[in-house]
Amino acid sequence: MKKTAFITGATSGIGKATALLFASKDIRLVICGRRKELLIKLQKQLEPLTDVYILNFDVRDKNAVSNAINSLPEKFSHIDILINNAGNAHGMDPIEKGSLEDWDAMLDINVKGLLYVSRAILPQMVERRSGHIINIGSTAGKEVYPKGNVYCASKHAVDAINQGMRIDLNTYGIRVGAVNPGLVETEFSNVRFKGDVERADSVYEGFQPLKPEDIADIIYFVISRPPHVNIADLVVMPTAQASSTIVKKTI
Ligand code: NDP
Ligand code: 8X3
């Protein structure tokens with residue numbers, strides 16, 4: 001039977017690459033994000049391949065999250081796969097100089113937003129005793145690096161939530177796992193450095209970073225395992241990267 005996947009942060013980067021790959025695998029899609037024009041563009045691109053429904057909301061707004069999910073038409077309301085991907089880093093400052101707005105954004109989006117979306121979708125998975133949740137964490141959820149402070153805290157929280165979900169949902173046969181990427185070239189650094197393109201580009205200079213499609217491939221591998229297999233926690237880095245601070249660069 002055709003499955004339905006709900007992907008947050010589908011307007012760019014990892015979420016968009018995952019939507020493209022899932023569509024080619026005949027998975028029905030609910031694609032989410034704040035930039036409606038990008039969602040409409042992606043919907044038009046994917047509709048020849050699969051059924052696509054747009055939900056346009058900010059994951060920080062708990063009422064918007066639950067209203068959007070409750071408004072899904074019947075065809076899209078049975079969610080088999082949840083990809084909790086929406087998130088970003090905002091700023092990169094030493095802790096004593098950190099921006100309170102950046103801290104709010106990272107904790108509200110990466111942690112609370114993930115929780116709001118999950119809370120709205122989990123009851124139907126529990127009722128059906130089936131479902132698969134992939135939480136997009138980060139190497140920043142496994143180690144802390146200089147000036148990463150609050151972003152790393154948000155991704156360590158995702159790591160803990162991933163474990164907590166797996167424990168609490170174990171009894172219902174719901175699969176829960178995290179995919180934790182290292183450096184992936186997306187809009188991530190543009191957002192982190194607030195549109196400073198030169199600074200953003202320099203993050204990926206002198207080595208071959210991961211592409212969003214590399215992560216999409218892994219997400220598809222995880223969700224396409226047989227029902228008795230749950231990939232609980234996976235870390236993936238570019239070959240040039242050994243840790244958050246050790247990257248072999250040619251420049
Ligand atoms: P992008 O900036 O390319 O994509 C981020 C996505 O999140 C966008 O689709 C954006 O949509 C969505 N998003 C951000 N804020 C909100 C919000 N408030 N409400 C709803 N949607 C939101 O970055 P990536 O693809 O790289 O990031 C995806 C995930 O991967 C994030 O959780 C990130 O932390 C994680 N990650 C990224 C790595 C990297 O090196 N790139 C490495 C490890 C993890 P819109 O703006 O339209 O709302
Ligand atoms: C994104 C990877 O190293 O920029 O989560 O924090 S990093």
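These values consider heavy atoms only, across backbone and side chains, with no hydrogens, waters or symmetry-generated copies. Indexing begins at 1, ligand by ligand and atom by atom, following the structure's order. We count residues from 1, following the sequence as given. As the structure is a prediction and not an experimental result, all values here were calculated from the model.
- Of the protein's heavy atoms, G9 CA, 3.5 Å lies nearest to atom 12 (C) of ligand 1.
- Considering backbone and side-chain N/O atoms, I14 comes within less than 3.5 Å of an N/O atom of ligand 1.
- Polar contact check, V59 against ligand 1: a nitrogen or oxygen pair lies under 3.5 Å apart.
- In this structure a side-chain-to-backbone donor-acceptor pair under 3.5 Å is present from N85 to G9.
- Here the side chain of R175 pairs a donor or acceptor atom with the backbone of V229 at under 3.5 angstrom.
- Ring pair F188/Y151: centre-to-centre distance below 6.0 Å.
- Enclosure of atom NZ in K2 by more than 12 non-hydrogen atoms of other residues, nucleotides or ligands within 6.0 angstrom is indicated.
- With a 4.0 Å heavy-atom cut-off, ligand 1 is reached by the backbone of A10 but not by any atom from C-beta on.
- The protein atom (non-hydrogen) at minimum distance from atom 4 (O) of ligand 2 is F188 CE2, 3.5 Å.
- Protein heavy atom nearest atom 5 (C) of ligand 1, with residue, atom name and distance: G87 O, 3.5 Å.
- For the pair T11 and ligand 1, the shortest N or O to N or O distance falls below 3.5 Å.
- With a 4.0 Å cut-off on non-hydrogen atoms, V184 touches ligand 1 through its backbone as well as its side chain.
- A distance-only check finds no donor-acceptor pair linking the side chain of D108 to the backbone of G113 [under 3.5 Å].
- Nearest non-hydrogen protein atom to atom 7 (S) of ligand 2 is Y145 OH, 3.6 Å.
- Against a heavy-atom cut-off of under 4.0 Å, L183 is close to the following atoms of ligand 1: 40 (O).
- Closest to atom 35 (C) of ligand 1, if we only count protein heavy atoms, is I136 CG2, 3.9 Å.
- Distances below 4.0 Å separate heavy atoms of Y151 from the following atoms of ligand 2: 1 (C), 5 (O), 6 (O).
- Geometrically, ligand 1 and R35 share a nitrogen or oxygen pair separated by less than 3.5 Å.
- The shortest contact between atom 2 (O) of ligand 1 and any protein heavy atom is with N88 ND2, 3.0 Å.
- None of L21, I7, I14 except one satisfies the side chain to side chain contact (heavy atoms under 4.5 Å, CB included) rule with I219; the exception is I14.
- Distances shorter than 4.0 angstrom occur between a heavy atom of G137 and an atom of ligand 1.
- Each of the atoms 1 (P), 2 (O), 3 (O), 4 (O), 8 (C), 9 (O) of ligand 1 lies under 4.0 Å from some heavy atom of S12.
- In this structure a side-chain-to-backbone donor-acceptor pair under 3.5 Å is present from N180 to L234.
- Between F76 and Y53, the two ring planes are tilted [angle within 30° to 60°].
- Considering only non-hydrogen atoms, atom 42 (C) of ligand 1 lies nearest to G182 out of S154, G182, P238.
- Here the CD1-CG distance, from I218 to L210, works out to 7.5 Å after rounding to the nearest 0.5 Å.
- In K155, neither the side chain nor the backbone holds a heavy atom less than 4.0 Å from any atom of ligand 2.
- At a heavy-atom distance under 4.0 Å, only side-chain atoms of K155, from C-beta outward, approach ligand 1.
- Residue Y151 has at least one nitrogen or oxygen atom sitting less than 3.5 Å from a nitrogen or oxygen atom of ligand 1, judged on distance alone.
- Counting the atoms of ligand 2 from 1 in the order shown, those under 4.0 Å from a heavy atom of R192 are 4 (O).
- In terms of protein heavy-atom proximity, atom 15 (N) of ligand 1 is closest to R34 NH2, 3.1 Å.
- In this structure, the separation between CG on L82 and OG1 on T8 is 7.0 Å, given to the nearest 0.5 Å.
- Looking at R192, its side chain does come within 3.5 Å of a backbone N or O of G91 through a donor-acceptor pair.
- Numbered from 1 in the order shown, with element, the atoms of ligand 2 that lie under 4.0 Å from a heavy atom of A140 read 6 (O).
- The protein atom (non-hydrogen) at minimum distance from atom 24 (P) of ligand 1 is T186 OG1, 3.4 Å.
- In this structure a side-chain-to-backbone donor-acceptor pair under 3.5 Å is present from Q43 to V52.
- When atom types are taken as modelled, the side chain of Q241 and the backbone of L183 share a donor-acceptor pair closer than 3.5 angstrom.
- To the nearest 0.5 Å, the span separating NE2 on H78 from CZ on F6 amounts to 14.5 Å.
- Within the 3.5 Å criterion, the main-chain N or O of T11 finds no donor-acceptor partner in the side chain of E187.
- The contact set between ligand 2 and S138, taken as ligand atoms under 4.0 Å from a residue heavy atom, comprises 1 (C), 2 (C), 5 (O).
- Under 3.5 Å, the side chains of N84 and S118 contain a donor-acceptor pair of N or O atoms.
- Of the protein's heavy atoms, P181 O, 3.1 Å lies nearest to atom 43 (C) of ligand 1.
- The G13 neighbourhood of ligand 1 comprises atoms 3 (O), 25 (O), with distances under 4.0 Å to a heavy atom of that residue.
- Not a single donor-acceptor pair under 3.5 Å links the side chain of N67 to the backbone N or O of A64.
- Considering backbone and side-chain atoms together, V191 places no N or O closer than 3.5 Å to any N or O of ligand 1.
- Looking at S244 against ligand 2, nothing comes within 4.0 Å, counting heavy atoms.
- Residue F57 holds the heavy atom nearest to atom 20 (C) of ligand 1 of all those in F188, F57, Y204.
- Under the 3.5 Å distance criterion, the side-chain polar atoms of N162 are left unmatched by any main-chain donor or acceptor of V176.
- Among all non-hydrogen protein atoms, the one lying nearest atom 21 (N) of ligand 1 is A86 CB, 3.7 Å.
- Of all the listed residues (N85, V236, L38), N85 holds the heavy atom that lies closest to atom 29 (C) of ligand 1.
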